[in-house]
Amino acid sequence: MSTLRKWTEDEEKVVISKIEANPNNLQRAFRQASLEIDRTPAAIGWRWHQGGLREKSGKLFMTYGRKGTLNSNRKNVSSKTSDNTIRIRKSKWRRILDILFK
């Protein structure tokens, strides 16, 4: 049977630091933090997403996906994703007009 423990500020700081180190892969950050603070990755994930830790940290981690879409705190991100590029897909006609009137 499990016992409910209150979260300490030290535990929350460890979770936030691990997420800062891995903003593109939250599951990896949760696993690494779980080894240090002796909590399950599921408990850490719940605390981050619904327990108010994300808002309490004052940080928002964002990446851009393959089609130029914004991924806010995604769990899994493609290895082709870059944090600083935004790709906007143009229609075929727009590309043809750009070629013709360059």
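Both backbone and side-chain heavy atoms feed into the values below; hydrogens, waters and symmetry mates do not.
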J.: Among side-chain atoms of E11 and W7, is any donor-acceptor pair under 3.5 angstrom?
T.: no
J.: Is a salt bridge present between D98 and K102, judged by a nitrogen-to-oxygen distance below 4.0 Å?
T.: no
J.: Let me confirm one number: the CG-CZ distance from L26 to R31, rounded to the nearest 0.5 Å.
T.: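 L26 CG to R31 CZ: 11.0 Å, rounded to 0.5 Å.
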J.: Indicate yes or no: does E12 engage R47 in a salt bridge with an N to O separation below 4.0 Å.
T.: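 Yes, this pair counts.
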J.: Nearest 0.5 Å, please: how far is CD1 in I16 from CH2 in W48?
T.: 6.0 Å
J.: Judged by atom type as modelled, is there a donor-acceptor pair below 3.5 Å linking the side chain of N25 to the main-chain atoms of R28?
T.: yes
J.: Please round to the nearest 0.5 Å and tell me the distance separating atom CZ of R95 and atom NZ of K90.
T.: 9.0 Å
J.: Check this for me: E9, atom CD, are more than 12 non-hydrogen atoms of other residues, nucleotides or ligands nearer than 6.0 Å?
T.: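 Count not over threshold, so no.
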J.: What's the separation between atom OG in S17 and atom CD in Q32, rounded to the nearest 0.5 Å?
T.: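 That separation rounds to 9.5 Å.
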J.: Could you give the distance from CD1 (I44) to NE2 (H49), rounded to the nearest 0.5 Å?
T.: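 Nearest 0.5 Å value for the CD1-NE2 distance: 11.5 Å.
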J.: How many angstroms lie between CH2 in W46 and OG1 in T40, if you round to the nearest 0.5 Å?
T.: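 OG1 of T40 is found 12.0 Å from CH2 of W46.
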J.: So which atom in R5 and which in I37 form the shortest heavy-atom distance, rounded to 0.1 Å?
T.: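 Where R5 meets I37 most closely, the heavy atoms are NH2-O, 4.0 Å.
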J.: Over all heavy atoms of both residues, which pair between S34 and R39 is shortest? Give the atoms and the distance, please.
T.: CB-O, 2.8 Å
J.: Other than F101, what residues sit in its cluster of Ile, Leu, Val, Met, Phe, Trp and Tyr side chains whose heavy atoms are under 4.5 Å apart, directly or through others?
T.: W93, I96, L97, L100
